[in-house]
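Since the structure comes first, as structure tokens, the remarks are kept for the end.
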Amino acid sequence: MNKETDAGDSRPDPAVNGASADVAATAAIAARRIEKEAFQEGWRASASTIPAVAAWGVVSGMAMVKSGMTLWQSLAMTLTVYAGSAQFAVLPLLAAHTPLIVIFLTAMIVNLRFVIFSAAVAPHFAHLPWYRRVWYGYFNGDISMGFFPRRFPAHTVHQPAGKIGFFEAICYPGWFAWQIGAIVGILLASQIPESWNIGFAGTLALIAITIPMIINGAALAGVVVSGAVAVAAISLPYRLGLLLAVVIGMAAAMMADKFIDKEKE
Amino acid sequence: MNAFDVWVSIVLLVVSTLITRSGFFLFGHAVKLPPKLQHALGYAPAAAMAAIILPDLVTTGGAIDINWTNPKLLAGIGGGVFFLITRHLLGTIVAGMALFTVLRLAL
């Protein structure tokens, strides 16, 4: 399955070096210590994000219940989906009886950034068996993307030491914080009157996530065009306006890119 | 929305999470996205977000409402400005909800 060899591995490999059991045992202890230290380093780097992740989890929990989902549906969604912005995006569609295919496509589009993220992170874990790659991929969200490539740039791809420890530290605590927040939100939601419109907090969260994505003039053009098309096409059935808006918005961004490049020349 | 559709939607969302997040971890060595496609895909998430956010801001009860009396529109703009200045996610949610509540009661 895995042809990747750890050519640049800095730590001794007990499987190759197995002349003496002692050597292997010492190497295993050293390897464990490296991962443990990396875990502590990752925790120190990312701990400050935990309160925001938990609070955002609370908002997601409330938004799920307020959109009409039951307690068990909300719990199942948060514990398995674990993709906040896709959940926020899909909730109004669920409430509006949107066809399942549009719901799926919407989630795919909102999650597309993870494809870009995982293209950057996945090569660092290519030496692991497939089930562990799926497992780590599942946790590779916005927070891990903010920390992992900074600590392990692309040129460290063949040096696995410390990566699993670091990655677990920037992922697992965030998962727990998010889930605890979401469960609190799910349980509290019924105490909050409808008129407070708590679901609007989800839209505000999306605004705050979107602004940093507007990295250049072309992205801005894409956002403006997409938003305008979505509003203009609001009466199209099945929320097709959303998909139309994304496609036209992407095209606008690419055209703006070409235009900006020409200006530079 | 009936319960069955909600459960199917949850399964579809899990599938979406797995495809987008774990797909490259599984098949990354076999697939090489063309740079141009990668480039275009980079703009998709922001465009999708805008296409979700704006229709929510400019409607009240499903009807278009682009007015200074629409609390969601004003609070959304306020929240965006707040984020641009502070770069703080949680603060933006709190400030935006506070502004929304004040406007909802005042307008």
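A, B, ... follow the sequence lines: proteins, then strands. Residue 1 opens every chain.
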Checklist entry - What part of Val90(A) lies closer than 4.5 angstrom to a heavy atom of chain B: side chain, backbone, both or neither? => result side chain

Item to check | Among the listed options Gly91(B), Gly23(B), Ala50(B), the residue most often paired with chain A at heavy-atom distances under 4.5 Å | outcome: Ala50(B)

Checklist outcome for this item: Interatomic distance, CZ@Phe125(A) vs CZ@Phe24(B), rounded to 0.5 Å, equals 15.5 Å

Next on the checklist: Could you check whether atom CH2 of Trp7(B) has more than 12 heavy atoms from other residues, nucleotides or ligands sitting under 6.0 Å from it?
Outcome noted: yes

Item to check | Student check: side-chain heavy atoms of Arg133(A) and Ser22(B) closer than 4.5 Å | outcome: no

Checklist entry - Hey, what do you get for CD1 (Ile19(B)) to CG (Asn111(A)), rounding to the nearest 0.5 Å? => result 9.5 Å

Checklist outcome for this item: Scored by heavy-atom pairs under 4.5 Å with chain B, the best of Ala76(A), Ser235(A), Ala230(A), Ala233(A) is Ala230(A)

Checklist entry - Would a 4.5 Å heavy-atom cut-off, applied to side chains only, mark Leu26(B) and Trp130(A) as touching? => result yes

Next on the checklist: Please determine whether side chain to side chain contact (heavy atoms under 4.5 Å, CB included) holds for the pair Thr17(B) and Tyr138(A), giving the CA-CA distance in whole Å, both sets of side-chain angles, and the decisive distance to 0.1 Å.
Outcome noted: CA-CA 7 Å; Thr17(B) 298; Tyr138(A) 179 77; 3.9 Å; yes

Checklist outcome for this item: Between Ala44(B) and Met250(A), the two heavy atoms sitting closest are CB-SD, 3.5 Å

Next on the checklist: Is Asn197(A) close to chain B through its backbone or its side chain, or both, or neither, when contacts mean heavy atoms under 4.5 Å?
Outcome noted: both

Next on the checklist: Quick check for you: among Ile214(A), Val225(A), Val115(A), Ile215(A), which has the greatest number of heavy-atom pairs under 4.5 Å with chain B?
Outcome noted: Val115(A)

Checklist entry - So, do Ile93(B) and Trp56(A) sit near enough that their side-chain heavy atoms are less than 4.5 Å apart? => result yes

Item to check | side chain to side chain contact (heavy atoms under 4.5 Å, CB included) between Ile53(B) and Phe88(A), intermediate numbers included | outcome: CA-CA 10 Å; Ile53(B) 295 165; Phe88(A) 283 128; over 6 Å; no

Next on the checklist: Could you tell me if the side chain of Val134(A) sits less than 4.5 Å from the side chain of Phe25(B), heavy atoms only?
Outcome noted: no

Checklist outcome for this item: Shortest non-hydrogen pair, Ser118(A) vs Arg21(B), comes out as CB-O, 3.4 Å

Item to check | Asn2(B) versus His97(A), side-chain donor and acceptor atoms under 3.5 Å | outcome: no

Next on the checklist: Are more than 12 heavy atoms, taken from residues, nucleotides or ligands other than Trp175(A), located less than 6.0 Å from that residue's CH2 atom?
Outcome noted: yes

Checklist outcome for this item: Under 4.5 Å to a heavy atom of chain A? For Leu90(B) that would be side chain

Item to check | Side chain, backbone, both or neither of Phe83(B) within contact of chain A (heavy atoms, under 4.5 Å) | outcome: side chain

Item to check | chain B contact via Ala218(A) - side chain, backbone, both or neither, heavy atoms under 4.5 Å | outcome: both

Item to check | Which atom of Val246(A) lies closest to which atom of Ala51(B), heavy atoms considered | outcome: CG2-CB, 4.5 Å

Checklist entry - What heavy-atom pair brings Ala48(B) and Leu242(A) nearest, and what distance separates the two atoms? => result O-CD1, 4.1 Å

Next on the checklist: At a 4.5 Å cut-off on heavy atoms, which part of Leu206(A) comes close to chain B: side chain, backbone, both, or neither?
Outcome noted: both

Checklist outcome for this item: Most contact-rich option vs chain B, by heavy-atom pairs under 4.5 angstrom, among Pro212(A), Ala228(A), Ala252(A), is Pro212(A)

Next on the checklist: Apply side chain to side chain contact (heavy atoms under 4.5 Å, CB included) to residues Asp257(A) and Tyr43(B) and explain how you reach the verdict.
Outcome noted: CA-CA 11 Å; Asp257(A) 247 345; Tyr43(B) 293 123; 2.6 Å; yes

Checklist entry - Is it the backbone or the side chain of Leu18(B) that comes under 4.5 Å from a heavy atom of chain A, or both, or neither? => result side chain

Checklist entry - Where does Tyr82(A) contact chain B at under 4.5 Å (heavy atoms): side chain, backbone, both or neither? => result both

Next on the checklist: Once rounded to the nearest 0.5 Å, what's the spacing between atom NZ of Lys36(B) and atom CE of Met254(A)?
Outcome noted: 5.0 Å

Item to check | For Met97(B) against Trp196(A), the heavy-atom pair lying closest together | outcome: CE-O, 3.6 Å

Checklist entry - Do you know which of Ala107(A), Ala119(A), Gly249(A) has the most heavy-atom pairs under 4.5 Å to chain B? => result Ala119(A)

Checklist entry - For Thr203(A), which of Asp56(B), Leu54(B), Ile52(B) qualifies under side chain to side chain contact (heavy atoms under 4.5 Å, CB included)? => result Asp56(B)

Checklist entry - Given a strict heavy-atom distance threshold of 4.5 Å, which part of Met108(A) is in contact with chain B: side chain, backbone, both, or neither? => result both

Checklist entry - How about Ser9(B) and Leu100(A): do any of their side-chain heavy atoms sit closer than 4.5 Å? => result yes

Checklist entry - At a heavy-atom separation under 4.5 Å, does Ala95(B) approach chain A through its side chain, its backbone, both, or neither? => result neither

Checklist entry - If you round to the nearest 0.5 Å, how far is CE of Met77(A) from CD1 of Ile10(B)? => result 5.0 Å

Item to check | Under 4.5 Å from any heavy atom of chain B - which part of Val121(A) | outcome: both

Checklist entry - Is there side-chain contact between Ile211(A) and Arg87(B), with heavy atoms separated by less than 4.5 Å? => result yes

Item to check | Where Pro55(B) and Ile234(A) come nearest, the two heavy atoms and their spacing | outcome: CB-CD1, 3.8 Å

Next on the checklist: One pair to check against side chain to side chain contact (heavy atoms under 4.5 Å, CB included): Phe104(A) and Val15(B). What are the steps and the verdict?
Outcome noted: CA-CA 9 Å; Phe104(A) 179 67; Val15(B) 170; 4.1 Å; yes

Next on the checklist: Counting heavy-atom pairs closer than 4.5 Å to chain B, which one of Asn216(A), Val224(A), Thr106(A) comes out on top?
Outcome noted: Asn216(A)

Item to check | Top contributor to chain B contacts, counting heavy-atom pairs under 4.5 Å, from Asn140(A), Leu112(A), Ile109(A) | outcome: Asn140(A)

